[in-house]
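Just below is one structure, and these are the notes that go with it.
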Amino acid sequence: MTLHADPELTELLEIGERIVTMAKQGGITVAECVLRSGRELSTRVRLDKPELVEEAAHRSAGLRVMKGKRVATTSTSDLTEAGIHRFVSDAIELADLAQEDPFAGPANETLLTDPSKAPDLDLFDPQGGNVDAVQAIAMTKAGERAARDFDPRITNSDGATFGRTAGGAALVLSSGFRGAFKGSYQSLSVVPIADDAEGKKRRGSYWTAKRFMDDLEDPKSVGEEAARRTLRKLGAHSVATCEVPVVFDPDAARSILGMLAGCIMGGAIWRKSSYLVGREGTPVASSLVNIKDDPLLPRAPGSRPYDGEGLASRKNIVVDKGILRTYLCDSYSARKLGRESTGSASRGGSAGVSCSTTNFILEPGTDSNEAIVKGTKNGLYVTEMMGFGFNAVTGDFSRGASGFWIENGQLAFPVSEVTISLNLDELWKRVDAVGSDLDFRTATASPTIRVGKMTVAGAGT
């Protein structure tokens with residue numbers, strides 16, 4: 001990966017080095033600076049008329065400093081010489097006021113990677129960053145128009161939105177590490193509305209998102225799929241309370257996987273705020289479940305050449321055939337737990353460090369979505385979940401859901417106004433089918449899964 005060929009990255013690295021040097025001269029033991037620059041565009045069209053066009057550019061810096069075991073973080077968007085001086089002075093003053101933390105410290109220098117040897121993960125698309133407002137509005141109009149023209153039952157629209165972001169990020173550490181890379185991401189979503197026989201408004205949606213413009217789905221196909229998903233909700237109603245198999249489509253399954261991600265973070269483990277405390281090496285899911293965190297996938301949404309502390313990116317096997325193999329740790333949580341970092345650190349805008357996933361993936365199985373539904377005699381097929389009914393400490397899970405009722409292996413009718421519940425620990429252990437349809441639009445990605453039995457609370461008993 002070439003660091004110096006891009007003027008934007010070169011400038012970020014130079015500013016970072018000035019900030020780190022200034023902090024060290026002010027008596028700071030450790031200085032770590034993260035810098036970001038970028039350009040964003042967001043457009044929204046409703047009923048064929050533009051409602052929103054926002055475009056912005058930004059540059060910012062975050063600084064984490066340590067004086068012995070005292071730690072402070074701060075950030076600024078003023079990168080003038082005077083602004084940088086105030087920024088560094090504030091960080092030094094905050095460090096003097098901070099309380100000592102015996103676990104504070106930078107990453108082990110012997111574990112830092114050489115960023116010049118980091119893999120090129122193909123994360124930046126110049127074409128995406130150059131999409132202007134005229135092009136973006138044309139795409140959103142095409143997507144919404146395709147949805148509205150698809151069927152006369154599509155009577156209204158909640159709009160279509162296109163967004164893109166592109167820019168660079170640099171990390172400069174007083175240990176000598178200096179790395180930078182660029183990335184891009186763009187998305188298009190369409191949200192049609194249909195009237196059903198009872199006069200209710202049914203809203204559906206579909207969206208596409210990728211790092212590269214050429215990998216996005218065509219706006220017309222996005223709009224048509226959004227219309228299909230809206231129309232199939234017509235006539236939705238509740239069902240009687242029961243215990244049945246529940247099939248989660250990739251969007252809903254991704255939400256379930258995201259809950260698990262929060263429970264395997266080193267920070268949650270040392271704080272004892274996860275139901276998975278002390279569970280390494282034990283079954284936490286069925287043998288069909290294999291979960292990895294892999295930042296090294298080319299063009300993937302969560303990929304990166306190194307972590308937020310300068311450690312080489314690496315694939316971590318989190319769950320192997322249902323067995324929990326590791327927690328994900330940054331250096332701080334690793335010290336708290338008496339282990340080494342898994343290269344899972346991320347930095348926020350103020351340069352504070354925490355654990356995070358990258359591409360957090362439930363590995364696909366061999367069954368198609370259709371085969372899983374066909375193999376389910378009666379049950380619920382979930383396409384959407386509402387609410388935030390999850391307790392990470394106990395694993396208790398209960399959320400509103402909508403989707404379709406499965407009868408004799410077929411989607412029989414749309415379902416709404418039900419609640420699904422089961423302890424998350426038991427939910428993962430009851431997974432008895434994993435699909436082949438891995439959905440990679442976001443960094444947390446899952447195929448279709450089926451849970452053998454869950455409580456579905458509906459209109460009656």
Side-chain angles (χ1 to χ4, degrees), residues 39-56 125-166 184-236 249-252 254 299 301 369-370 381 383-386 402-404 411 413-414 416 437 439-442 445:
R39 298 159 302 284
E40 291 89 29
L41 171 68
S42 180
T43 61
R44 174 183 166 85
V45 166
R46 182 174 177 272
L47 300 178
D48 214 37
K49 294 181 180 179
E51 284 194 340
L52 172 73
V53 177
E54 285 184 347
E55 188 164 14
D125 177 19
Q127 180 186 352
N130 291 331
V131 171
D132 62 22
V134 173
Q135 293 169 302
I137 288 172
M139 283 188 283
T140 51
K141 281 187 175 182
E144 188 195 45
R145 197 173 296 131
R148 294 176 64 203
D149 291 345
F150 187 79
D151 189 288
R153 290 173 293 176
I154 301 292
T155 57
N156 207 335
S157 169
D158 226 358
T161 303
F162 175 84
R164 58 103 168 133
T165 181
S184 61
Y185 192 73
Q186 39 270 318
S187 65
L188 172 67
S189 67
V190 181
V191 187
I193 296 173
D195 292 330
D196 69 13
E198 294 83 23
K200 290 185 177 180
K201 303 291 184 182
R202 301 293 181 183
R203 190 179 79 157
S205 66
Y206 186 66
W207 55 285
T208 179
K210 294 289 181 181
R211 283 193 178 271
F212 277 65
M213 277 294 298
D214 288 345
D215 294 335
L216 285 179
E217 294 178 48
D218 174 75
K220 184 174 184 289
S221 65
V222 172
E224 290 176 347
E225 180 60 23
R228 275 190 287 270
R229 293 186 177 214
T230 302
L231 293 171
R232 67 183 189 175
K233 291 185 173 185
L234 294 177
D249 84 346
D251 277 334
R254 179 175 65 244
R299 295 197 179 191
N369 173 284
E370 294 78 10
Y381 182 83
T383 59
E384 187 177 357
M385 290 189 292
M386 294 73 75
S402 63
F404 301 87
L411 299 182
F413 57 85
S416 63
D437 54 340
D439 181 350
F440 227 146
R441 288 174 292 173
T442 58

Sequence neighbours excluded, which residues qualify as side chain to side chain contact (heavy atoms under 4.5 Å, CB included) partners of [X]?
X	answer
D215	K210, F212, R299
P301	Y185, N359, F440, A443
A166	R39, F124, S184
K220	A146, D218, E224

Please report the interatomic distance [atom1]([X]) to [atom2]([Y]), rounded to the nearest 0.5 Å.
X	Y	atom1	atom2	value
F404	D249	CZ	CG	9.5 Å
S189	Y206	OG	OH	12.0 Å
T43	M139	OG1	CE	7.0 Å
W207	L216	CH2	CG	11.0 Å

Going by the rule salt bridge (charged side-chain N to carboxylate O under 4.0 Å, His left out), which residues pair with [X] if we only count those two or more places apart in sequence or in a different chain?
X	value
K201	D195
D132	none
E51	R44
E55	R164

side-chain hydrogen bond (donor to acceptor under 3.5 Å, both in side chains) contacts touching residues 227-236 (sequence neighbours left out):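 Counting only pairs at least two positions apart or across chains, the side-chain hydrogen bond (donor to acceptor under 3.5 Å, both in side chains) contacts touching residues 227-236 are E225-R228, E225-R229, K233-E384.
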
Testing the basics here: between [X] and [Y], what is the closest heavy-atom pair and its distance to 0.1 Å?
X	Y	answer
N369	Y381	ND2-OH, 3.0 Å
T208	E217	OG1-N, 3.1 Å
L234	P414	O-CG, 3.2 Å
S42	T161	OG-CG2, 4.3 Å
Q127	D214	OE1-OD1, 3.3 Å
A227	P192	N-CG, 3.9 Å

Restricting to side-chain hydrogen bond (donor to acceptor under 3.5 Å, both in side chains), what partner residues turn up for T442, sequence neighbours left out? R254

Which residues pass the side-chain hydrogen bond (donor to acceptor under 3.5 Å, both in side chains) test with S402, sequence neighbours left out?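 Not a single residue meets the side-chain hydrogen bond (donor to acceptor under 3.5 Å, both in side chains) criterion with S402.
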
Go through it in stages, so that I can follow the logic: the residues are V131 and Q186, the test is side chain to side chain contact (heavy atoms under 4.5 Å, CB included), and I'd like the CA-CA distance, side-chain angles, deciding distance and then a yes or no. CA-CA 10 Å; V131 171; Q186 39 270 318; 5.8 Å; no

E144 side chain vs L47 backbone, donor-acceptor pair below 3.5 Å: yes

Which residue pairs satisfy the salt bridge (Lys or Arg N to Asp or Glu O under 4.0 Å) criterion with at least one member in residues 146-162, sequence neighbours excluded? D151-R153, D158-R203

Is the closest basic N to carboxylate O distance between R211 and D125 below 4.0 Å? no

Close side-chain approach of I154 and L231, heavy atoms under 4.5 Å: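 I154 reaches L231 side chain to side chain.
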
